[in-house]
Amino acid sequence: MMDTKHVLGTGLGVAAAVVATGTGASADTVTDQTKSADVQTVQTASSNKSTADANQQAVTDAQQGVSEAEATNDAAKQAQTDATKAANATQTTQDDLAKQVKDANSQVTADKTAVDQAKTNEATAQKANADRESDLKSTQDQKTKIDAQVPAQEQKATDAKASHDKAVSENNQAQADKAAAQKAADAAKQNQAKAQADLDKATKGSSVADAKATADKTQSALDKAKADTDAKTTADKTAQADKSAKQAAKDKAQATKDAADQKLSGTPKTITETKTVAPKPIGPNDKPIEYEGEGHPISKDSQLPREAVQPKPLANGTMDENSNSNWYVVDKDNDKSPKLKITNGHLDESQQKELAQYWLTLVNNFRKSKGLDPMIMTDKVWKMVYQASLKQRESDPNQYTDNHNRVVSANGPINPYKNDLGLALNGSQNLGFGDATTMLAAKVEILQTTTQMLYQDGDSGEGHLRNFLTKPMELSWGKQIVMAVPYAQYVGNKGQFGSWNYVFDIIIVDRTLDTDAGEAVDQNYINEHLDMANQIAEYPDAKGDVVTSTHANPEYAAAKAAADKAQTTLNTATKALQTATAKAASTSQALNQANAVQAKAQTANDQAQTDLNNAIAADKDMQATTERLQTALNDAKAQNTKAQADLKLATDKAQATAQTEATTKQALDAANAQVKASQAKLAELNAKIAKLSDAQGMADAVAKAKEAVKTAETKLAEDQAKADALAKQLDAAKTENAQAQAKRAAADKAAREAAKTLTDKQAALKQAEAKLNEKKGDLNASKSNKEAKGQAVKEAETQTEEAKQSHAHAVEGQNQAKQVEIYKNDGLTIVSPATDSNVKALNHGSASLPAETETVKNADKKANKQNESLPNTGVTNSSWASAIGVALMAALSGAWFRRKQH
């Protein structure tokens, strides 16, 4: 990405050899002395006898030890049993006390609740007493108000009763009138039936009878036709009215449907919404970095951080700050940013400035986190340094453009003391480079570079970091200004490390001197020469992404539902209209048919009546009788009609008076209930007034409540004291139990140790007995001592020869160890490469020295005895002892160094 770091290493080794020799004879001397002796006595009979006696004493002592260990073991077991019993008892006591403490605490909690309740009751009583006067007045006011309402309520109840009584009386009369009318109607109906029967009887058997029968038949048919016509007329009117209603409903449904369709046609099915999503910058810790080379992809400006954050692996020390890591990469597949514009080999100036703004923002946000003032960038200084840098880099076409160029230097295009700004300057440069082809990619590379320079700059000695943290010097005549001049420039393929080059120059403007006059300058001079009025702003904050989404329009769904519902309603109304229209047509047709039948029946009846009248006229006697009976029948019919009408009026009146009676009963009940409620409320208020008027009673209630609090608090104190006492007992029991448990543990340990001691003593006894038996066997074998002497001499000679060979090997190893060079450097022991092979050989050779040395020692012991007389010769042999020790250590260590690249 934006920086390169190289790590080289070399290994250094270390070795040390120590050779020690003991005083005494050499291996050759041992051999000579051994050969000078004929025999060597390994063991004498008297020595074996003495040893056997000692072993017998050892067995006796071991037996005594076993007896003592058994006694100790028995005592330890008893102590263990006693300690266990005591521990169990203290544990039981502790458990019992713990339960008592728990119960006592529960009682204390209940007492506290009782105290709280008593205090609440006291507060309530206190408040009631304190509010007594105001409550009394309020209650009296309520009573006065209700007292004023009661007379009107009672009058209302009285009026309601009078109305109800009147209604009851009128209803009783109406019911009686109805009964009388019913009786009269029944009599009139019977009279009409009798008159009809008399007329029928009078005309029966004469010519008039036939005519009368025909007339009656046609009259019956006519009556039936009229009734049918009336029914058909009623049905037709109902059907026509229903048709009209259904037509109106259908018209209304049609209008609703038309309106719904119009709204639906004007409502789009989908809507397109545009909203701004808050920016979410990508950070180096958004996902774990599992290996170097992986970075967080950034695809748009809203994901581009405005602050270089320290990655967690560097913050917590799990990653070396001397290493290189790619924390960010551009998402090339989704990068929609503008391409870098290259004109005549130069990057577009507006793009230059935008990249400079972004870099300045990263640096200043970091400086802000460290409590430093921001760096300043003005258009004048930026262009001057940028153009000078381009000029310098282009002056040498063979120079790698991604190396430091030191624009502000004595030999550079901008002289620190002779320049267009007329001010003393000081410059330092941080350099990074990359291969971006888009603006976003360039910014991501700037972000990656800055993150490495700020947090992974160990291989550069923190030089980049120090440049970013440049502080203005506080001088007696003023304060320096820190200016930043970041820019990027196109270098084609001339870079040593890449195709794109991003340079960050930090220019320190010293306000102390006018470079021409060599005098201190004021702020106005600084502002004018640096063009402080035209500072380049930092990179703008990230804007939220504008997201356009198309989705179903809920209003369309509602309009569609309304249109569908309107269509359903219209369909229902249309179907109902069709049914009503069909029914109306049917009833109209039926009415027409009924009218036709009635007309025909009327014609037939008219003819029958004419025939009847003619028959009656022809029979003068019958005519008189018929006319009289007919008149009687007509009168009976009239009376019956009137009686039936009177019955209907009486029935209607009876229904009305019954309803009036029920209504007045409800009003009476309501009035009585209101009076009763007021009386109950007055009783309640009177009782409350009596209570509130009793000041002493209220005071007594307060005193009683206080006494209840005192009683509850006394009980709480007593129970708390009991609980505290039990708690102390429990603490003491816990301490006693802990001590008992510790004693039991100690007793257990002592029992285990006593058992082990007994086992060890028993094993020692067996071993002592075995040695005793062995020495007894040696005494029996003393007769064959002579033969053993010769064999011992031979073994000693063989071992002496082996010791000589081991001694020779040791001397050789010592000579090799002398070639080892020991160096001390920073606490490390380093082996020169020239001696490395010798050390390895020495290491290999010394591995067998310990075993060979032990062999020499054993041989010395068997072959030599100090000042010991040999049997039968009296020759005295002086002993010698020798020991050779060789120790060798070697270690390798690595020392790493870093070579700074930029």
Side-chain angles (χ1 to χ4, degrees), residues 75-140 142-143 680-681 683-752:
K77 285 183 178 180
Q78 183 60 44
Q80 183 183 27
T81 300
D82 295 342
T84 299
K85 183 177 180 181
N88 291 338
T90 56
Q91 183 64 53
T92 301
T93 301
Q94 177 180 328
D95 293 342
D96 292 342
L97 284 172
K99 183 178 184 305
Q100 294 179 38
V101 168
K102 181 179 179 182
D103 295 341
N105 288 334
S106 298
Q107 184 59 49
V108 168
T109 300
D111 290 346
K112 289 180 179 178
T113 301
V115 169
D116 293 340
Q117 184 60 50
K119 288 182 178 179
T120 300
N121 295 339
E122 179 188 2
T124 302
Q126 292 278 16
K127 187 176 186 304
N129 190 38
D131 297 341
R132 184 180 64 80
E133 290 295 336
S134 61
D135 287 350
L136 177 59
K137 186 177 184 306
S138 175
T139 305
Q140 289 172 338
Q142 292 183 52
K143 180 179 181 301
K681 184 63 177 178
E684 177 186 346
L685 292 175
N686 287 329
K688 186 175 181 181
I689 289 171
K691 182 179 180 181
L692 291 173
S693 299
D694 184 11
Q696 183 60 44
M698 296 291 286
D700 291 343
V702 172
K704 185 177 180 181
K706 287 184 176 180
E707 185 62 28
V709 171
K710 183 177 180 181
T711 301
E713 288 178 339
T714 300
K715 188 174 186 304
L716 172 60
E718 293 173 352
D719 290 339
Q720 184 65 61
K722 292 179 182 178
D724 293 341
L726 286 172
K728 290 181 179 179
Q729 293 179 27
L730 177 60
D731 291 339
K734 286 182 178 179
T735 301
E736 183 179 357
N737 185 39
Q739 294 173 351
Q741 298 299 334
K743 289 179 180 179
R744 178 170 67 176
D748 291 343
K749 181 179 180 182
R752 290 193 299 270

List the atom of [X], the atom of [Y], and the distance in Å for their closest heavy-atom pair.
| X | Y | result |
| --- | --- | --- |
| A98 | L730 | N-CD1, 3.7 Å |
| A723 | N105 | CB-OD1, 3.8 Å |
| A125 | V702 | O-CG2, 3.5 Å |
| A747 | A79 | CB-O, 4.0 Å |
| Q80 | A751 | OE1-CB, 3.6 Å |
| A727 | V101 | N-CG2, 3.8 Å |

Could you check whether any side-chain heavy atom of [X] comes within less than 4.5 Å of a side-chain heavy atom of [Y], counting everything from C-beta outward?
| X | Y | value |
| --- | --- | --- |
| D694 | Q696 | yes |
| N88 | Q91 | no |
| D700 | K704 | no |
| Q107 | K112 | no |
| E713 | K119 | yes |

Within this structure, what is the [atom1]-[atom2] distance for the pair [X] and [Y], rounded to the nearest 0.5 Å?
| X | Y | atom1 | atom2 | value |
| --- | --- | --- | --- | --- |
| T109 | Q720 | OG1 | CD | 9.0 Å |
| T711 | L716 | OG1 | CG | 12.5 Å |
| N686 | Q140 | CG | CD | 10.0 Å |
| L692 | D135 | CG | CG | 6.0 Å |
| E133 | S693 | CD | OG | 8.5 Å |

Passing candidate, side chain to side chain contact (heavy atoms under 4.5 Å, CB included) with I689, options K143, Q142, K137: K143
Between Q729 and Q100, does the side chain to side chain contact (heavy atoms under 4.5 Å, CB included) criterion hold? Intermediate values first, please. CA-CA 10 Å; Q729 293 179 27; Q100 294 179 38; 5.5 Å; no
Between Q117 and V115, does the side chain to side chain contact (heavy atoms under 4.5 Å, CB included) criterion hold? Intermediate values first, please. CA-CA 5 Å; Q117 184 60 50; V115 169; over 6 Å; no
With a 3.5 Å distance limit and no angle check, can you tell me whether N737 reaches the backbone of Q94 through a side-chain donor-acceptor pair? no
Check for a donor-acceptor pair, side chain of D131 on one end and backbone N or O of S134 on the other, with a separation under 3.5 Å.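 No.
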Which residue pairs pass the salt bridge (charged side-chain N to carboxylate O under 4.0 Å, His left out) test with at least one member in residues 725-749, sequence neighbours excluded? none
Restricting to pairs with a member in residues 87-102, which pass salt bridge (charged side-chain N to carboxylate O under 4.0 Å, His left out), not counting sequence neighbours? K99-D103
